[in-house]
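Numbers here simply count residues along the sequence, with the first being 1.
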Amino acid sequence: MPQQIDVKINDMYDENDLLVKYASIKIGSGKYIPFLPSINPYRIKTQTLNNLNEIPIENYIQITLDQLRDMDSDQKKQSAFITEKLYVNTGHPTFFIAKILIKPTQKLVDKDIEYIVDLLKNSSNDLMIPPLIYNYYTTEPSEKFPNGQDRPSDPIDTETYLTFLKTFIAISKQRKIENFGLMFPSNFDYTSTDKLLAAYKDCETKLAFIDSRGNKTSQLEPQINKLTSVSSKLYTLAEKNDEKFALYSFDSVPYTARREIAPAQNVLEYLYGFSSFGPGHTVRISF
């Protein structure tokens, strides 16, 4: 279940407008381990995973609000979901990153948020990370997917997300959770970043997860600079933790251009102060 997270900066380079941070993390009373790029447990063989040395696991969970509500009132569906999606693997730091899909006409209510909190307060989840909330569409039926596929389109508007976030944090604190991963949605502009930081002001936030929505993380560089600044007096990561915090790039594009040799964007992200990143999730269709 979500535990205390500590961050240790092993080495840092901060010159010529470049910032490189090599960080280690400690979960609970465990030992410090390097905050390496994470892996998807469903894309790697169990035997291979067991041979890796404490590499972080990003457990990405996508579910529609309708599915969530069906599961809330159906124990068999809940059991199937927990067995299939809430991956358990001892010996590896595991972060649950959930994406709740809603229709434009739908609204998350307190009962929904309470259920999400209790699902994520899972024995194999090491850090409570507020979910992303996206609108979605369903693709046309096909031979492989007779009912179509549910695909995220755009994040919900910032004010609606902030309302959800405040309720999520309040319910989590009722469950005795004080440590959170700061989730930064991809559609938050520079001004809205202040409001996001204020929502987390009374929470311990040593890891921040930046949603790139299948784009380059560098497109959010001004907002990231604000998150990590030391002079804004806005409850930033640096003001709370000095330099003992780390950034995680979520769903960023793994390349920069269609060239004969395309430089890896995830490698370049290390130069923007990121210590770790995970696999991509956004499906883009080109014609």
Side-chain angles (χ1 to χ4, degrees), residues 1-11 20-28 30-62 84-99 120 122-132 152 179-186 205-218 220 224 227 237 244-255 264-283:
M1 63 181 296
Q3 302 181 64
Q4 173 80 27
I5 297 285
D6 284 320
V7 174
K8 179 173 68 174
I9 304 303
N10 303 84
D11 200 2
V20 181
K21 294 178 71 173
Y22 174 48
S24 293
I25 59 173
K26 182 175 75 168
I27 297 171
K31 63 180 181 180
Y32 282 99
I33 64 170
F35 194 30
L36 299 171
S38 70
I39 58 173
N40 185 324
Y42 301 105
R43 297 180 185 176
I44 188 169
K45 293 180 179 179
T46 302
Q47 183 178 358
T48 303
L49 182 60
N50 291 337
N51 289 332
L52 294 173
N53 185 23
E54 298 174 320
I55 194 166
I57 288 177
E58 178 197 295
N59 192 355
Y60 172 64
I61 305 161
Q62 180 175 293
E84 180 183 357
K85 297 296 185 181
L86 302 188
Y87 186 86
V88 177
N89 188 83
T90 57
H92 294 268
T94 302
F95 307 123
F96 286 15
I97 300 182
K99 187 177 287 183
L120 295 179
N122 182 278
S123 58
S124 61
N125 186 19
D126 288 321
L127 180 64
M128 184 63 87
I129 304 170
L132 293 161
N179 301 280
F180 294 83
L182 187 153
M183 174 57 78
F184 189 87
S186 63
T205 50
K206 294 186 177 181
L207 297 180
F209 296 77
I210 314 299
D211 176 26
S212 295
R213 195 172 55 159
N215 291 309
K216 293 182 288 187
T217 305
S218 58
L220 296 171
I224 295 168
L227 289 176
L237 297 169
K244 296 179 180 179
F245 67 89
L247 301 180
Y248 179 98
S249 177
F250 172 74
D251 191 21
S252 58
V253 69
Y255 49 82
Q265 180 64 25
N266 283 339
V267 174
L268 295 178
E269 283 172 355
Y270 279 122
L271 304 181
Y272 301 137
F274 284 85
S275 299
S276 182
F277 53 83
H281 303 286
T282 298
V283 177

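The cationic atom of Lys8 (NZ for Lys, CZ for Arg) lies less than 6.0 Å from the six-membered ring centre of Tyr32 and within 45° of the ring axis.
In this structure the side chain of Arg213 never reaches within 4.5 angstrom of the side chain of Phe250, judged on heavy atoms. By the 4.5 Å heavy-atom criterion applied to side chains, Phe35 and Ser24 are not counted as neighbours. In this structure, Lys216 and Ser252 have side chains that are not in contact, with every pair of non-hydrogen atoms separated by 4.5 Å or more. Looking at Asn215 and Leu220, their side chains never come closer than 4.5 Å, going by heavy atoms from C-beta outward.
Summarising the geometry, atom CG belonging to Leu237 is positioned 5.0 Å from atom OG1 belonging to Thr205; distances are rounded to the nearest 0.5 Å. Summarising the geometry, atom CD1 belonging to Ile224 is positioned 6.0 Å from atom OG1 belonging to Thr217; distances are rounded to the nearest 0.5 Å. The CE atom of Met183 sits 11.5 Å away from atom CG of Leu207, with the distance rounded to the nearest 0.5 Å. To the nearest 0.5 Å, the span separating CD1 on Ile5 from CG on Asn179 amounts to 7.5 Å. Taking NZ of Lys206 as the start and CD1 of Ile25 as the end, the distance is 12.0 Å to the nearest 0.5 Å. Distance check: Ile27 CD1 to Ile33 CD1 gives 6.0 Å after rounding to the nearest 0.5 Å.
Partners of Phe209 under the ring pair (Phe, Tyr, Trp, His ring centres under 6.0 Å) rule, at least two apart in sequence or in another chain, are Phe95, Tyr248. Every side-chain contact (heavy atoms from CB on, under 4.5 Å) that Tyr22 has, sequence neighbours left out, goes to Asn10, Asp11, Pro34. Not counting sequence neighbours, Phe180 has no partner by the ring pair (Phe, Tyr, Trp, His ring centres under 6.0 Å) test.
Between Met128 and Leu120 the shortest heavy-atom distance is SD-CB, 3.8 Å. The two residues Gly181 and Pro130 have their closest heavy-atom pair at O-CD, 3.2 Å. Here the closest non-hydrogen pair linking Gly278 and Glu58 is CA-OE1, 3.6 Å. Residue Ser276 comes nearest to Ser38 through the heavy atom pair OG-N, 3.9 Å, listed as atom of the first residue, atom of the second, then distance. Minimum heavy-atom separation, Gly28 to Gln3: CA-OE1, 3.6 Å.
Defined by atom type and a distance below 3.5 Å, a donor-acceptor pair is missing between the side-chain atoms of Thr94 and Ser124. A side-chain N or O of Thr282 and one of Asp251 form a donor-acceptor pair less than 3.5 Å apart.
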- Message: Under the criterion side-chain contact (heavy atoms from CB on, under 4.5 Å), I'd like the reasoning laid out for Asn122 against Phe96: C-alpha separation, chi angles, the key distance, then a yes or no.
- Response: CA-CA 9 Å; Asn122 182 278; Phe96 286 15; 3.9 Å; yes
- Please lay out, stage by stage, how Ser212 and Ser249 fare under the test side-chain contact (heavy atoms from CB on, under 4.5 Å). CA-CA 7 Å; Ser212 295; Ser249 177; 4.1 Å; yes
